[in-house]
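Take a look at the structure set out below.
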Amino acid sequence: MSRTLNTLLMNRALDHSKAGFMHLLDFETGNAESITEALVQAAAIPKALVKLGVNVNYPEGAALSVAKVQSMQGSLMNNHQKSSFVLNFKAELEQFSIELWNYFEATCTAVEGGQS
C-alpha cells in the first residue's frame, strides 16, 4: 500500500476517534443524545482499520462488538431514532459510553502503534 493511502487511512481512523471522544465528553456533561453521535463515529472506524490491516476489538467481556455497533448505527438515521435509542438504552448508557471510550482509545493505540 502506498504511504499516502496508509497515512490517509490512519488519519481517517484517528479523526473518527477524536470526534467520538468529543461526543462522549459532551455526553458526560449531560447531552444524552451525543452518545448516538459517538456511536456513528465508532461505526465508521473498522473499514479503515481493515484496509490498514489493523484489528481493534472491544475489550473482553464488553457487551458490544464492531458488528453490533455497525448494526445499531444503521438504525440512527434521524433525530427521532436517536432519541428512541437514548430512551431504550437509558439504563445502559453509562456503561456504553465507557465501552465506546475504550474502543476509541484502543483504536488510537493500534493506529499509533502501526505508525512506528
Considering only heavy atoms from C-beta outward, does the side chain of [X] approach that of [Y] to under 4.5 Å?
X     : Y      : answer
His16 : Phe21  : no
Lys18 : Phe104 : no
Thr4  : Leu8   : no

Item to check | Stepwise side chain to side chain contact (heavy atoms under 4.5 Å, CB included) test for Lys51 and Lys47 | outcome: CA-CA 6 Å; Lys51 290 180 182 195; Lys47 290 184 186 201; 5.5 Å; no
Grouping I, L, V, M, F, W and Y whenever their side-chain heavy atoms are under 4.5 Å apart, do [X] and [Y] come out in a common cluster?
X      : Y     : value
Val86  : Met22 : yes
Leu14  : Leu39 : yes
Leu25  : Ile98 : no
Leu100 : Leu93 : yes

From [atom1] ([X]) to [atom2] ([Y]), nearest 0.5 Å:
X     : Y      : atom1 : atom2 : answer
Phe27 : Trp101 : CZ    : CH2   : 12.5 Å
Glu99 : Glu92  : CD    : CD    : 9.5 Å
Ile45 : Cys108 : CD1   : SG    : 7.5 Å
Met10 : Thr7   : CE    : OG1   : 4.5 Å
Asp26 : Glu37  : CG    : CD    : 10.0 Å
Asp15 : Arg12  : CG    : CZ    : 9.0 Å

Next on the checklist: Test your reading of the model: is there a side-chain donor-acceptor pair from Ser34 to the backbone of His23, 3.5 Å cut-off?
Outcome noted: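 Pair found, side chain donor or acceptor close to backbone of His23.
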Can you name the nearest heavy-atom pair linking [X] to [Y], along with the distance?
X     : Y     : result
Pro46 : Ala43 : CD-O, 3.4 Å
Leu5  : Ser2  : N-OG, 3.0 Å
Gly20 : Ala38 : O-CB, 3.9 Å

Next on the checklist: Does either side chain, that of Glu33 or that of Ser83, offer a donor lying less than 3.5 Å from an acceptor on the other one?
Outcome noted: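 A pair is found: one side chain offers a donor N or O, the other an acceptor, under 3.5 Å apart.
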Checklist entry - Ser17 and Tyr103: side chain to side chain contact (heavy atoms under 4.5 Å, CB included), yes or no, with the steps? => result CA-CA 9 Å; Ser17 292; Tyr103 181 72; over 6 Å; no
